[in-house]
Amino acid sequence: MRIYTLLTIAAATFAMVSCSNPANEDWTTYAEATDFRSTPRYDETIAYCQRLAKAYKEVTYTTFGVSPQGRDLPLMIIDKDGLKTPEAIRAKGRVIMMAEACIHSGEPDGKDAGLIWIRDMVQGSEDKKMLDNVSILFIPIFNVDGHENFSAGNRLNQNGPEELGTRWTAQLLNLNRDFLKADAPEMRAWLKLYSKWLPEVFMDHHVTDGADFQYVSTYEIETRCSNAEEGLRTWTRDVFEPQLLAGMESEGYPLFPYFDFFEEDSPESGIALGPFDPRYSESYATARNRIGLLIENHIYKPYAQRVDCSIKYMKTCMRIMNEHARELREVCEAADANVASAAFRQQPFDFEFEIDYSVSKPVDFLSWERDTVISDMSGAPWIRHRYDRPKTVSTKVYNELKPTLSIRLPEAYIIPSQYDDIIEILGLHGVTLTRIPEDREIEVETYRYTGATFSPRQSEGRITAKPRYTTQTETLMAHKGDYVLDMNQPSARVAAWLLEPMAPGSLAYWGFFNDILQAPNEFWIRLSYMEEKGREMMEKDPALKAEFEAKKASDPAFAKDSDAILNFFYSRVKAQAEQNNEIHPAWRLMHSL
C-alpha cells in the first residue's frame, strides 16, 4: 500500500480531475493512500463522491439538507440505470438499501468503507451484478459539523485514525438520540429523506466503547420483541439475521449481538442483551416497518480492519437483499398494511421491556486471557488483556424480553391546532393528518397530568420528565381546524411512540409538554372571597348545597375547619377556571369519528 504525503495526495487529486477516462484515473481513496492512518476531511470526501458521480453513470451525488454551520448534507445514490427517485427505482422492481456513516463523526469507519465499496462496485467488482435488484443510498457524513471539529484528542482510546471529529453536532446534540424528537436541523432533513425513500434495509455504522474481546464488530437488529411488526420480525429472525451471520463469518468476521457484561470486562459473569427504543437509529427504522441494523465496530481493533469489516457488512447485506428482493419487498408492504389495520390496534401495544433473567442459554464468547494487577501508578486494580492468548469463554446470555408497559392503541388521536410544532414533527415522520371541519363535541380518552418527576440535569438541552397522570373518558369540544390523526396508516406505530406520554423517548419524556405538567397558575382569588362566592354558588346550585351540608354532617373535622370549608368552594371555582390546563394534547378517540 502506498503512503502519500499531503502534497502528493493533493497533486494526485488534481491529476485525477483532469483525466477524462475513468479507467486511467487513480481512484485511491484518502484512507488507502495514508495506509489507513488518516480519514479525509469533509471537502476531500465530497470531492471524491463528486468525482465518482461524474465518472460513472450508476452514481448520483446530491444533498438532502444544510447543517447549522452551512455545510451541505451529502447523499450518494447508486442505481444500475442512474435513476434518482424512489418511484423510478421501485418501478424497476428494485429494493433500496440505505447505509449511513459518521452520525457520530469520530467513528468514521463506514465513510471510508463506503467510498471503497462503491468505487469497486461501479468499476466492475462482483457486487455490481447485485445492482440488478438493489439500489443504494449512502450518506458518507451525517454529522458534518462535528466531523470538521477535527482533533487528535477526540476518542483517545480508539485505534485510529489519527485525527477525527466529535460525537456531537455544532449545536452539541447527539443525533443518535434525536430520531423521535427531531431537534437537530440535520435530523429534520434526514427524516424527510427517510420518509421519501423508506429503504427496506437501513444500516448505521458506529464504533463501540468499553469492553475488550476478539470480535471486530457487534450488531443490533430487532428480532426479539414486538417493537417490530410480527411478519417483519419473523422474516428478519428466520432469513435476514442467519444469512448476515453466516455471510460475515465466511468473510472472516464472526459477529456477536451488542451486549453488556454483568460485571465489567468479565464475560464469565454473564451477558445481557437489552432492548432499544426508537430514539435510536436501528429501532427507529423498525418503528417505520423496515429492517434496521446497528453496526458497532470494536474500538481497539486497527482502523484498516474495521473499515474492511464495514465493507463486508455492506456486501453481505446487499447480497441478501439481491437474493430475496421480491420477498423482502412483500414483507415490508405486508408490515405497512398490518400496522394500518384495525386488527393491529386490537393487540396490546408494548412500549417497555425488561430482560427475563429466569431464561438464559449457553454461548461461547470469543474473549482473551487476562490478568489483574494493582497499578503502580494509581493503586487501583488494572485488568490487562493478553492479545497473544485468545480464549473462548463458556457463559450464559440473557436475551429474552418481556413487556412491562402495554396499552391499547386508539382509532385516532385528536390534537388541538395550537400545537403546530407537534404537527410539524409528526409530518417529518411520515404521519398524515386531516382537519376537523367544524366545532363538535367528541367522547375521548384523556390523560390529565397531576405532576411529574423532572430530571435534575439537562439531556440534549432538554429537561426530561416522567409524568404522572389520570386517565378517563370524557366529552370535550374539538374545534374547527383541530387535527385528526387516523391510525389507519403505516406510520401508526411511530405516532404512538411520539404521543403516548409514558413511552420511552416520547415527546412528553423529552419535555415538549413541561408547560402543561407545571401549568401556569393565574388563579389569584383570595380564599376569604369564598365567604361571598360560596353562598352565591349554593343559591344557584341546590345540588352543591346538598353536597356541602352532607359533608358537614358526615365529617366533623371538616365542619370545624374554616379553611377546609372555604377550600370546598375554592377548588370548584379553580377547577372551572382552569379545567383543561393539565390535559395532554393528544386525545385518544377509541371509535371512528
Side-chain angles (χ1 to χ4, degrees), residues 31 36 39 45 73 97-117 137-147 149 154-161 164-169 173-179 184 186-187 190 194 199 201-213 215-222 241 244 248 253-260 273-286 291-317 460 505:
F36 293 94
T39 189
T45 303
L73 303 177
M97 182 176 89
M98 182 177 185
E100 169 182 283
C102 294
I103 186 173
H104 295 153
S105 58
E107 305 164 20
D109 304 21
K111 175 189 67 175
D112 288 315
L115 297 180
I116 294 169
W117 176 55
L137 302 180
F138 178 58
I139 301 174
I141 308 172
F142 185 13
N143 178 9
V144 292
D145 292 343
H147 187 278
N149 192 4
N154 292 333
R155 293 178 69 83
L156 287 173
N157 59 330
Q158 184 167 295
N159 191 358
L164 32 72
T166 58
R167 184 178 181 88
W168 51 85
T169 69
L173 295 174
N174 184 339
L175 291 173
N176 202 28
R177 305 296 183 271
D178 201 36
F179 281 88
E186 299 96 325
M187 182 56 70
W190 186 96
Y194 188 87
V201 174
F202 165 67
M203 60 176 62
D204 194 11
H205 292 261
H206 289 252
V207 181
T208 191
D209 303 319
D212 203 346
F213 41 77
Y215 302 97
V216 176
S217 189
T218 58
Y219 73 99
E220 170 67 19
I221 192 170
E222 188 53 76
E241 186 178 27
L244 172 69
M248 289 297 289
Y253 293 105
L255 301 178
F256 198 86
Y258 193 51
F259 67 90
D260 288 306
L273 309 182
F276 290 86
D277 61 69
R279 83 189 82 174
Y280 306 101
S281 61
E282 79 286 354
S283 290
Y284 179 77
T286 302
I291 294 175
L293 174 63
L294 173 71
I295 295 167
E296 286 280 359
N297 289 343
H298 188 232
I299 195 168
Y300 302 140
K301 300 300 187 289
Y303 188 53
Q305 187 180 40
R306 298 191 337 249
V307 169
D308 185 61
C309 182
S310 288
I311 292 172
K312 298 306 193 299
Y313 265 116
M314 290 185 281
K315 285 175 175 280
T316 302
C317 287
E460 294 292 293

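Since the structure is predicted, the reported quantities are computational estimates derived from the model, not experimental observations.
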Considering only heavy atoms from C-beta outward, does the side chain of [X] approach that of [Y] to under 4.5 Å?
X: Phe179; Y: Ile103; result: yes
X: Phe213; Y: Thr218; result: yes
X: Val216; Y: His298; result: no
X: Met187; Y: Leu173; result: no
X: Leu244; Y: Tyr313; result: yes
X: Phe36; Y: Pro302; result: no
X: Trp117; Y: Ser310; result: no
X: Ser217; Y: Leu255; result: yes

Problem - Between Phe259 and Tyr215, ring centroids under 6.0 Å - result: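 Aromatic pair excluded; centres sit 6.0 Å or further apart.
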Practice task
Please determine which of Glu107, Gln158, Glu296 meets the side chain to side chain contact (heavy atoms under 4.5 Å, CB included) test together with Thr208.
Solution key: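 For Thr208, the side chain to side chain contact (heavy atoms under 4.5 Å, CB included) test succeeds with only one of Glu107, Gln158, Glu296, which is Glu296.
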Separation between [atom1] of [X] and [atom2] of [Y], rounded to the nearest 0.5 Å:
X: Ile139; Y: Lys111; atom1: CD1; atom2: NZ; result: 14.5 Å
X: Leu293; Y: Ile221; atom1: CG; atom2: CD1; result: 5.0 Å
X: Asp209; Y: Arg155; atom1: CG; atom2: CZ; result: 4.5 Å
X: Asp178; Y: Tyr280; atom1: CG; atom2: OH; result: 12.0 Å
X: Phe202; Y: Met97; atom1: CZ; atom2: CE; result: 11.5 Å
X: Ile291; Y: Met98; atom1: CD1; atom2: CE; result: 15.5 Å

Indicate the atoms forming the closest heavy-atom contact of [X] with [Y], along with that distance.
X: Ala101; Y: Pro140; value: CB-O, 3.3 Å
X: Met203; Y: Cys317; value: CE-SG, 3.2 Å
X: Met314; Y: Gly110; value: CE-O, 4.4 Å
X: Pro108; Y: Tyr303; value: O-OH, 3.3 Å
X: Leu164; Y: Pro161; value: CD2-CD, 3.8 Å
X: Leu175; Y: Ala184; value: CD2-CB, 3.6 Å

Main chain of [Y], side chain of [X]: is a donor-acceptor contact present, judged purely on distance under 3.5 Å?
X: Asn297; Y: Val307; answer: no
X: Thr286; Y: Glu282; answer: yes
X: Asn154; Y: Ser105; answer: no
X: Tyr253; Y: Asp308; answer: no

Exercise for the section: For Thr169 and Asp145, run side-chain contact (heavy atoms from CB on, under 4.5 Å): C-alpha distance rounded to whole Å, both residues' side-chain angles, the deciding distance at 0.1 Å, then the answer. Expected result: CA-CA 6 Å; Thr169 69; Asp145 292 343; 5.5 Å; no
Practice task
Output all residues satisfying salt bridge (charged side-chain N to carboxylate O under 4.0 Å, His left out) with Asp204, sequence neighbours left out; order by chain, then residue number.
Solution key: none
Exercise for the section: With sequence neighbours excluded, tell me which residues meet salt bridge (charged side-chain N to carboxylate O under 4.0 Å, His left out) with Asp109. Expected result: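 Per chain and number, Asp109 pairs via salt bridge (charged side-chain N to carboxylate O under 4.0 Å, His left out) with Arg306.
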Exercise for the section: Decide yes or no on side-chain hydrogen bond (donor to acceptor under 3.5 Å, both in side chains) for Tyr219 and Glu241, but give the supporting numbers first. Expected result: CA-CA 10 Å; Tyr219 73 99; Glu241 186 178 27; 2.6 Å; yes
Problem - Residues Thr45, Leu115; criterion side-chain contact (heavy atoms from CB on, under 4.5 Å); working and verdict - result: CA-CA 9 Å; Thr45 303; Leu115 297 180; 4.3 Å; yes
Exercise for the section: Would you sort out whether Asn143 and Trp168 count as a side-chain contact (heavy atoms from CB on, under 4.5 Å), showing the intermediate values? Expected result: CA-CA 8 Å; Asn143 178 9; Trp168 51 85; 5.6 Å; no
Problem - Steps toward side-chain contact (heavy atoms from CB on, under 4.5 Å) verdict (Asn176, Ser281) - result: CA-CA 6 Å; Asn176 202 28; Ser281 61; 3.5 Å; yes
Exercise for the section: Evaluate the ring planes of Tyr194 and Trp190, with Trp represented by its six-membered ring, and classify them as parallel (under 30°), tilted (30 to 60°) or perpendicular (over 60°). Expected result: parallel
Handout entry: Asn174-His104 side chain donor-acceptor pair, cut-off 3.5 Å
Key = yes
